[in-house]
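Convention: sequence-line order gives letters A, B, ...; per-chain numbering from 1. Everything numeric in this text was worked out from a predicted model, so none of it was measured. Atom set for the values below is all heavy atoms of this structure, side chains included, hydrogens, waters and symmetry mates excluded.
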Protein chains: 2
Amino acid sequence: MSDKLIQSVERAADILELFSLTESELSVKEISERLGLSKSTVHGLIKTLEHRGYLEQRLSDQKYKLGLRLFQLGNLVGGGMELRKVAYPIIQELVEKLHETVHMVVSDKDEVVYVEKLEGLGSLRMYSMVGKRAPMYCTGVGKAMLAFFEESAIERILQEVKFQKFTPYTLDTPDEIKQELRKIREQGYAIDDEEIEIGLKCVAAPIFNHEGTVVASISCAGPKHRFSDEKTAIVIQEVRSAGLEVSRKLGYRV
Amino acid sequence: MSDKLIQSVERAADILELFSLTESELSVKEISERLGLSKSTVHGLIKTLEHRGYLEQRLSDQKYKLGLRLFQLGNLVGGGMELRKVAYPIIQELVEKLHETVHMVVSDKDEVVYVEKLEGLGSLRMYSMVGKRAPMYCTGVGKAMLAFFEESAIERILQEVKFQKFTPYTLDTPDEIKQELRKIREQGYAIDDEEIEIGLKCVAAPIFNHEGTVVASISCAGPKHRFSDEKTAIVIQEVRSAGLEVSRKLGYRV
DNA sequence: CTTTTCGTTCGATAATGTCGAACGCCATTC
DNA sequence: GAATGGCGTTCGACATTATCGAACGAAAAG
């Protein structure tokens, strides 16, 4: 059937997506329990993924982890991104100027995915990591993209997303967020002031392609106590400038 | 059956592995022809992979490319590698000292996979790229690992590998290669002198773990004309030293 | 305007993937 | 040391799925 997906491929994807940074090794039993599948089913799927290099088994305790084939394919994705090639020197400059961590993200459904991260000196440990996802409605980088989506896409995303209050400052109602997005469109940048994480402040700007479509955003983030009003003004200017520079290199014309 | 793999999962993997840096977009028809599968079969597999984020379809011409989910999982693999965390500052030092490109690889069956690459100033464009695979028998990094494998593993790999002469200097018979591996074990480093690519020279050293098992290798590579006898001696010393430093940080004791 | 090509859908059916039972090995407990 | 328990692995029956050829529709090509 045309609307039907292939069950075994979905199950294989389920298995791969069980792994995370905090849970990098899993046994057959654990996978079977988490997915509600019988051990022999899981065993067949795992042996196939292992055979193709997507999983690796440690012989000492027979636990599985993600394999090098994913590393290879993941790097193909990253290495093929024109955006990253174009943006990287601009990101390096920004880090040198501002001495904070710079991120770049792209959107994927109702989330953003970090595609670049360069840490400045004195960086603190942060939630973000290249490859990781984050919500769109309450991160600087996410809001900087969302604000410039088409109205219909914004409506759909705000309907589908499951709002979660990460801190007391997290905006989590569609009306609040829409108001915020209007403001971002007016001023040309977004700010995450302790919405995703207490103590963390982030300034972000959208990146457009040659068609004027927002395809990414760039940000500068750091501990809130380092962001005086004066420094924040400088960061806003530099981040907006960087966003425009990357956009221009992608063919964007104001 | 226990030795049976799951066909649909293998076919999905086949599709993902059709993509490369030079061929980053494919149509349903192309995939169908390359794999010898009917278009409706390919369509079902592709729609499943797309739905899960492993493939993305460009709407303008309906071609497919690898999706962000692979980027995410690939970064999970890379981000979880203790080896990379431990080695990175040492690699940076090496680049600063030698002003050439430094690589690090791990092994995967009868090949090596580049897990780190840091380019020095004045680097030339090279075959290598993080995530990419290379043969073990005729690269510096590959030989630096192979030489320190167990005898049975060396035998097996030299039997299974399909030898290919990349340049007139490529060693491509088991006897020649074994002789070379003996020499590498004696001197503690490997050299690729235009075996994989004309004009390219590379010096590599093994990296051992706490059990004394070779788990990676590190190398310095550059255009052959920059490698005078004097400079080569310096590079050998620095690369061996770096290999040992990474090994020690992994718990290796001579 | 006609023809060709390709992506997509549909449904029959051959083939597969699923899973419960059983086994073997190893660790744990007594 | 023996018994028990847990988990990974194997096997085979069978219910269900994945496969693919035919057909369709849209867009491109001639």
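Within residues 26-37 of chain A, no residue has any heavy atom under 4.0 Å from DNA chain C. Sorted by residue number, the list of members of residues 52-68 of chain B with any non-hydrogen atom under 4.0 Å from DNA chain D is empty.
Applying the ring pair (Phe, Tyr, Trp, His ring centres under 6.0 Å) test to Tyr54(B) and every residue at least two apart in sequence or in another chain returns nothing. In this structure Asp110(A) satisfies the side chain to side chain donor-acceptor pair (under 3.5 Å) test with no other residue, sequence neighbours excluded. Residues passing the side chain to side chain donor-acceptor pair (under 3.5 Å) test with Glu116(A), sequence neighbours excluded: Arg84(A). Checked against side chain to side chain contact (heavy atoms under 4.5 Å, CB included), Phe163(B) has the following partners two or more places apart in sequence or in another chain: Tyr137(B), Leu158(B), Val161(B), Asp172(B), Pro174(B), Ile177(B). Qualifying side chain to side chain contact (heavy atoms under 4.5 Å, CB included) partners for His51(A), counting only residues two or more places apart in sequence or in other chains: Leu5(B), Glu10(B).
Rounded to whole angstrom, the span from the NZ atom of Lys47(B) across to the P atom of dT19(D) amounts to 16 Å. Rounded to an integer number of Å, the gap from His43(B) NE2 to dA23(D) C1' is 15 Å. Rounded to whole Å, atom C1' of dC6(C) lies 17 Å from atom CD of Glu25(B).
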Contacts table for residues 147-157 of chain A: side-chain donor-acceptor under 3.5 angstrom, sequence neighbours left out:
residue, atom, partner, partner atom, Å
Glu155(A), OE2, Lys178(A), NZ, 3.2

Can you list, pair by pair, the side-chain donor-acceptor contacts under 3.5 Å of residues 64-73 of chain B, counting residues two or more places apart and other chains?
residue, atom, partner, partner atom, Å
Tyr64(B), OH, Lys47(B), NZ, 3.3
Tyr64(B), OH, Gln57(B), NE2, 3.3
Arg69(B), NE, Arg52(B), O, 3.4
Arg69(B), NH1, Gln72(B), OE1, 3.0
Gln72(B), OE1, Arg133(A), NE, 2.7
Gln72(B), OE1, Arg133(A), NH2, 3.3

Donor-acceptor pairs under 3.5 angstrom involving side-chain atoms of residues 21-34 of chain A: please list them, not counting sequence neighbours.
residue, atom, partner, partner atom, Å
Thr22(A), OG1, Ser20(A), OG, 3.2
Glu23(A), OE1, Arg34(A), NH1, 3.3
Glu23(A), OE1, Arg34(A), NH2, 3.4
Glu23(A), OE2, Arg34(A), NH2, 2.5
Glu25(A), OE1, Arg58(A), NH1, 3.3
Glu25(A), OE1, Arg58(A), NH2, 2.9
Glu25(A), OE2, Arg58(A), NH1, 2.7
Ser27(A), OG, Glu30(A), N, 3.1
Ser27(A), OG, Glu30(A), OE1, 3.2
Glu30(A), OE1, Ser27(A), N, 2.7
Glu30(A), OE1, Lys63(A), NZ, 3.3
Ser32(A), OG, Leu37(A), O, 2.6

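Within the 4.5 Å cutoff, side-chain heavy atoms of Ile90(A) are placed close to those of Lys249(A). The shortest distance between side-chain heavy atoms of Arg11(B) and Thr41(B) falls below 4.5 Å. Between Leu55(A) and Ile15(A) there is a side-chain heavy-atom pair separated by less than 4.5 Å.
A donor-acceptor contact under 3.5 angstrom links the side-chain atoms of Ser40(A) to the base of dG20(C).
Ser217(A) pairs with exactly one of Leu146(A), Val141(A), Val246(A) by the side chain to side chain contact (heavy atoms under 4.5 Å, CB included) rule, that one being Val141(A).
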Between N or O atoms, less than 3.5 Å apart, protein on one side and nucleotides 14-18 of chain D on the other: list the pairs.
residue, atom, partner, partner atom, Å
dA18(D), OP1, Gln7(A), N, 2.7
dA18(D), OP1, Ser8(A), N, 3.4

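An angle of 50°, rounded to 10°, separates the two end axes of the helix from dC1(C)-dG30(D) to dC30(C)-dG1(D), each defined over five pairs.
Distance CG/Leu16(A) to CG/Leu45(A): 10.0 Å, rounded to 0.5 Å.
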